[in-house]
Amino acid sequence: MRKKVTVVGAGNVGATAAQLIHRLGYADVILVDIVEDMPAGKALDMQESAPLIGSDAKIIGSNSYEDTEDSDLVIITAGIARKPGMSRDDLLLTNMNIIGSVTREVVKFSPHCLIMVVSNPLDAMCQHAFEVSGFPKHRVFGMAGVLDTARFRTFISEELNVSVEDVHAYVLGGHGDDMVPLVRYTTVGGIPITELLDQEAIDRLVQRARQGGAEIVSLLKTGSAYYAPAASITEMTEAILLDKKRILPCCTYLEGQYGINNLCMGVPVKLGANGIESVIEITLTDEEKAAMDRSAASVQELIEVMNKNRPN
Ligand code: APR
């Protein structure tokens, strides 16, 4: 029997991710949204592409969580997206309410699932879903580092005119302007980029990766990025469905690792069928640790705003 993956939110990110996951063929996909009939229409359209893409997986769209029953993995992309001039943090309270209600429905129908949070501001939404779900921490995590890293890798490969496949990079911390690209662990064909690029070029690429989401928002004008986010969701989904135990930067609840307590943040993890199977702790320089602490402080500020605004 194929695994069952639910994608909540059939907008740009959710529908694109559902299409990519359906195409893999490993899992049946349920696409859920509050807009009447829209997820059913999108899913039917995708199902009718099955003979062309050679996928025997099923995809259906629904307005009811009953159809999501016993999902193995639930991906939450519901919420509002950024418009020009907005930061991810401007979405906080609206998306907090959406994530809270979605998580309660998800847990009711799939008490054993893994939850991948995608809605922004990512780290705060991941923490909210983790707390509302009552699930153990390895079963609730967020997608951000894979995307931030993909952006950084893209810019490095363009700068050096080399294959994206040979560029390995790490971006840690929160999914915001304080994200922490780890230049020391960024390599091209195993060679540290510090051997291949001067400091000016590295700083420029780091800055572009930090602003990667905003760059897309300013070009799209009516919403935020979705092709690279959907591809990032798919990479994580594949690691889970095939129990690949990939080492990927993911948002997870930290209890002392990297000196951070009771906060969801991006760190390298082992991702497999059980979700976050372990957190990989690497030694940071004083400067990197200070950047990680700044990023944690920004996430903590959002958590405090959420705590003040939680419905009783
Ligand atoms: N339950 C289910 N779906 C919902 C709910 C809800 N309570 N509230 C909103 N939605 C749906 C909307 O109807 C819409 O179809 O979420 C979808 C969001 O889609 P888009 O507006 O296209 O936004 P998208 O670009 O997909 O981004 C979604 O992911 O990357 C993040 O920052 C982004 O938080 C945003 C989220």
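Atoms within each ligand, like the ligands themselves, are counted from 1 in listed order. Each residue takes its place number in the sequence, starting with 1. All heavy atoms count here, side chains included; hydrogens, waters and symmetry mates do not.
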With the criterion set at N/O pairs under 3.5 Å, what does the list of contacts between the protein and ligand 1 look like, atom names and distances included?
residue, atom, partner, partner atom, Å
ligand 1, 13 (O), Asp33, OD1, 2.6
ligand 1, 13 (O), Asp33, OD2, 3.4
ligand 1, 15 (O), Asp33, OD2, 2.7
ligand 1, 16 (O), Gly79, N, 3.3
ligand 1, 22 (O), Asn12, N, 2.9
ligand 1, 26 (O), Asn12, N, 3.2
ligand 1, 26 (O), Val13, N, 2.8
ligand 1, 32 (O), Asn120, ND2, 2.9
ligand 1, 34 (O), Ile80, O, 3.0
ligand 1, 34 (O), Asn95, ND2, 3.4
ligand 1, 34 (O), Asn120, N, 3.0

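- For the residue pair Gln199 / Asp203, a side-chain donor-acceptor distance below 3.5 Å is found, with atom types taken as modelled.
- Scored by the salt bridge (charged side-chain N to carboxylate O under 4.0 Å, His left out) test, Asp72 finds no partners at all (sequence neighbours excluded).
- Residues Ser298 and Asp178 have side chains that bring a donor and an acceptor to within less than 3.5 angstrom of each other.
- The closest donor-acceptor contact from the side chain of His128 to the backbone of Met96 lies under 3.5 Å.
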Report all side-chain donor-acceptor pairs from residues 15-26 shorter than 3.5 Å, counting only partners two or more places apart or in another chain.
residue, atom, partner, partner atom, Å
Thr16, OG1, Asn12, O, 2.5
His22, NE2, Ala57, O, 3.1
Tyr26, OH, Glu238, OE2, 2.9

Donor-acceptor pairs under 3.5 angstrom involving side-chain atoms of residues 188-197: please list them, not counting sequence neighbours.
none

